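Shown next, in structure tokens, is the structure this report addresses.
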Amino acid sequence: MKIEHIVLREIRMRLKAPFETSFGVTQDRRILLVEVVSDGLTGWGEITTIETPSYNSETTDTAWHVLSDFVAPLLIGRDLSTAAEAGSLLQGIRGHSMAKAGIENALWDIEAQQRQLPLWKLLGGTREEIACGVSLGIRETPQSLVSKVEEELRAGYQRIKLKIKPGKDLDFVAAVREEFPEILLSVDANSAYRLEDADHLQKLDQFNLLMIEQPLEWDDIYTHAALQARIGTALCLDECINNEHQARAALELGACRIINIKLGRVGGHSMARRVHDMCLKRNVPVWCGGMLESGVGRAHNIAMSTLRGFTLPGDVSASSRYWAEDVIEPEVRVTSRGTIVGPESPGLGYRVKSEMISKLTARHNRWTHRAQVSA
Ligand code: OSB
Ligand code: MG
């Protein structure tokens with residue numbers, strides 16, 4: 001796999017509705033897409049940063065910088081035998097997992113096309129269809145949240161996750177639980193609480209939640225273990241888990257009982273699979289998190305979610321929940337059973353709409369390998 005061209009593009013896309021988490025509100029997305037050309041094939045990856053350093057330390061602009069100034073110059077012209085090799089070549093670049101994942105995942109798309117396999121099969125996936133849940137942003141009132149939940153359940157989604165923060169938690173969860181006593185329900189705090197809030201968080205135990213996701217600080221595995229010892233509901237870590245070492249530390253310490261695997265956060269398909277394999281060995285359920293991705297990132301999430309250990313519904317939902325028009329064709333659709341069926345064509349399995357992407361592009365950078373010609 002000789003890396004002949006790399007194109008980095010920033011596209012602008014507006015979410016159908018604002019999305020509120022404990023760290024802020026987003027509507028206008030600045031998404032980076034990576035296109036790689038190798039041996040006549042084109043692969044696509046998405047850099048899943050948000051615009052501000054409020055989920056993790058990366059941003060759209062730090063990823064632009066790291067990919068442009070370090071990752072692309074290091075990889076252009078290299079001849080890899082597998083996509084997984086990119087990980088070891090990039091080892092010297094510390095952190096910046098989302099920037100690195102964008103390009104590694106594009107290489108996985110190419111490798112799958114070379115082998116004439118859908119990416120999910122190349123990764124070792126065994127699920128023909130994956131279970132889907134939704135992540136619902138913080139709302140003004142419990143009543144408006146209940147109506148939103150009802151709408152998503154009608155569409156077939158198998159699990160509802162509510163974003164919470166101090167002051168917008170117990171009443172909202174109580175209202176939803178009262179209306180829907182049986183559904184799979186979870187909450188995600190995106191690091192909005194502290195260990196001093198343990199008594200308050202313990203009140204969530206009465207709602208029979210599937211999990212509480214990342215209640216405490218984004219980089220603090222140890223304190224989550226102290227909290228898990230004090231509450232009955234399973235904790236799930238998101239922000240804290242950037243690689244297999246951190247996953248092992250979290251499980252050994254008892255900091256969580258479930259892990260949310262996000263492809264970008266862990267640096268791409270190779271590391272995602274390693275975290276998955278480790279959890280599978282320990283019987284720890286995993287699921288696929290989302291970052292308000294365009295279709296490119298969504299397609300990669302679908303491929304990853306077909307691995308055996310992804311036993312819980314992920315935050316992988318239909319394109320139309322977020323976008324008036326997606327950048328892939330067909331767009332991601334969810335069945336009335338609340339599933340997405342894995343595509344059958346080689347690679348990502350969706351056509352990337354390059355004409356649409358050109359129109360949405362605000363800036364781009366391009367690297368081309370110049371073949372050495374001997375005199
Ligand atoms: O914590 O899962 C999160 C979006 C931005 C940043 C963090 C998170 C999220 C989501 C989005 O919950 C879920 C989705 O993409 O559908
Ligand atoms: Mg989360």
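In each ligand, atom 1 is the first atom listed, and ligand 1 is the first ligand listed. Keep in mind that what you see is a predicted model, and the values were worked out from it rather than measured.
- Under a cutoff of 6.0 Å and an axis angle of 45°, R127 and W120 do not form a cation-pi pair.
- Because the distance cut-off is set at 2.8 Å, D188 qualifies as a neighbour of the Mg ion (ligand 2) through one of its N, O or S atoms.
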One pair to check against side chain to side chain contact (heavy atoms under 4.5 Å, CB included): Y55 and M291. What are the steps and the verdict?
CA-CA 10 Å; Y55 162 76; M291 290 295 291; 3.6 Å; yes
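- For the pairing with T21, the side chain to side chain contact (heavy atoms under 4.5 Å, CB included) check across I164, D188, N190 returns one residue only, N190.
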So what's ligand 1 close to, N/O to N/O, under 3.5 Å?
from: ligand 1; atom 1: 1 (O); to: K163; atom 2: NZ; distance (Å): 3.0
from: ligand 1; atom 1: 1 (O); to: D188; atom 2: OD2; distance (Å): 3.0
from: ligand 1; atom 1: 1 (O); to: N190; atom 2: ND2; distance (Å): 2.8
from: ligand 1; atom 1: 1 (O); to: D238; atom 2: OD2; distance (Å): 3.1
from: ligand 1; atom 1: 1 (O); to: K262; atom 2: NZ; distance (Å): 3.3
from: ligand 1; atom 1: 2 (O); to: K161; atom 2: NZ; distance (Å): 3.1
from: ligand 1; atom 1: 2 (O); to: K262; atom 2: NZ; distance (Å): 3.0
from: ligand 1; atom 1: 12 (O); to: S135; atom 2: OG; distance (Å): 2.9
from: ligand 1; atom 1: 12 (O); to: K163; atom 2: NZ; distance (Å): 3.1
from: ligand 1; atom 1: 15 (O); to: M291; atom 2: N; distance (Å): 3.3
from: ligand 1; atom 1: 15 (O); to: L292; atom 2: N; distance (Å): 2.8
from: ligand 1; atom 1: 16 (O); to: Y322; atom 2: OH; distance (Å): 2.6

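- Within the 3.5 Å criterion, the main-chain N or O of S319 finds no donor-acceptor partner in the side chain of D326.
- Residue D238 approaches the Mg ion (ligand 2) most closely through its N/O/S atom OD2.
- Ion pairing between E20 and K165 holds under the 4.0 Å rule for side-chain N and carboxylate O.
- A cation-pi arrangement, defined by a distance under 6.0 Å to the six-membered ring centre and an angle within 45 degrees of its axis, is absent between R29 and W323.
- A salt bridge links R12 to E10: at least one charged side-chain nitrogen sits closer than 4.0 Å to a carboxylate oxygen.
- At least one N/O/S atom of E213, from backbone or side chain, sits under 2.8 Å from the Mg ion (ligand 2).
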